[in-house]
Each structure stands twice: as C-alpha cells, then as structure tokens.
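Heads up, the thing below is written out as structure tokens.
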Amino acid sequence: MKTNGTCPACQGKLSLWTGMKAPTPFHFRCPHCKARLRVAMRGLSGFLILLMLAFVVLAIAVFTAWRKFGAPGLWAGLACYTLAWMLAELVIGLMFYTHGTFTVKNAGGDDGKKS
C-alpha cells in the first residue's frame, strides 16, 4: 500500500494527510503548487455505496442507543461514529494513493475566477 502520491502538475509529494484534510476526498489542492487535483479510480462507486450504507446503519444504531440508554448511550454512539469516520477517511486515503490516478482539474489553470 502506498501512503503518498505525486502531483501531476509540479511533481511534488502528496502525503496521506494532504488527502485526509481535503473537504472532499475527490477534489483537493496540491500543497506545493496549489493546483486543484481530482482523483479518478475505477470500481470505487460500489465501495462508496457500501460505506455510505454502513454509516447509515451506524447512525440508526446511535439513535437507538440514545433512545434506550439516554445521554450516555448518545455520547458512546457519537464516539463510535467519530472513530468510524476517522477509520473510513484513512481507508479511503489509502485506496486513493494505492489504486487512484491524480489529474489536474483545470489544466489551463483558469477556474473562471479573475485575480
């Protein structure tokens, strides 16, 4: 498993942390040249659907724990939900760097914004 990648625009190293702190896992910026990058990966949609369903089930479990045990159940459920979210971010990041391809989002460098 790879834990880093290379920016296609400047050839700078992209760490796992760079991908994890991005607002969405599919679009982020290179910390070196600030190019907007996109991750392309075949076969990812099925995995993401299963991951989303797992989080829906976990949310239902948190709600059930809250109804059954009150505030302690809610806090324990939210702690489990947070840990699951962090683990999912790590797994998705590892999958992107191991099996994904990075491309520059707007190769011309023009986002439609004027400087």
Side-chain angles (χ1 to χ4, degrees):
M1 278 191 275
K2 290 173 41 179
T3 58
N4 58 20
T6 305
C7 174
C10 71
Q11 304 305 315
K13 288 269 186 196
L14 300 172
S15 68
L16 185 60
W17 179 246
T18 302
M20 288 181 68
K21 68 180 182 178
T24 68
F26 299 104
H27 300 84
F28 59 93
R29 291 187 182 273
C30 172
H32 308 289
C33 67
K34 305 296 184 212
R36 292 175 60 179
L37 302 176
R38 180 177 296 194
V39 179
M41 193 168 117
R42 294 180 138 218
L44 183 65
S45 60
F47 172 74
L48 290 179
I49 288 171
L50 287 174
L51 188 64
M52 184 177 63
L53 288 174
F55 273 94
V56 167
V57 168
L58 188 56
I60 291 170
V62 168
F63 180 73
T64 303
W66 175 46
R67 300 260 313 178
K68 187 171 184 179
F69 301 109
L74 176 65
W75 288 113
L78 290 176
C80 289
Y81 200 84
T82 303
L83 288 174
W85 171 72
M86 291 169 62
L87 181 64
E89 283 282 335
L90 181 64
V91 167
I92 289 173
L94 288 172
M95 287 181 63
F96 281 167
Y97 287 120
T98 304
H99 303 290
T101 304
F102 296 101
T103 57
V104 179
K105 185 171 182 185
N106 290 326
D110 183 20
D111 294 53
K113 298 178 185 174
K114 298 203 178 202
S115 300

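We find the CZ-NZ distance between R29 and K34 to be 8.5 Å, quoted to the nearest 0.5 Å. Note that CZ of F55 and CH2 of W85 are 9.0 Å apart. Values are rounded to the nearest 0.5 Å. Rounded to the nearest 0.5 Å, atoms SG (C33) and CD (Q11) are 9.5 Å apart. Note that the OG1 atom of T64 and the CZ atom of F69 stand 10.0 Å from one another [nearest 0.5 Å].
Between V104 and C7 there is no side-chain heavy-atom pair separated by less than 4.5 Å. L74 has its side chain within reach of V62: a pair of non-hydrogen atoms, C-beta onward, lies under 4.5 Å apart.
The backbone N or O of T103 sits nowhere less than 3.5 Å from a side-chain atom of R38 that would complete a donor-acceptor pair. Between the side chain of H32 and the backbone N or O of C10, no donor-acceptor pair lies under 3.5 Å.
M52 is not connected to Y81 by any chain of hydrophobic side-chain contacts under 4.5 Å among Ile, Leu, Val, Met, Phe, Trp and Tyr, and they are in different clusters. Both V91 and L58 belong to a common hydrophobic cluster when Ile, Leu, Val, Met, Phe, Trp and Tyr are linked at side-chain heavy-atom distances under 4.5 angstrom.
A9 approaches A35 most closely through the heavy-atom pair CB-CB, 4.0 Å.
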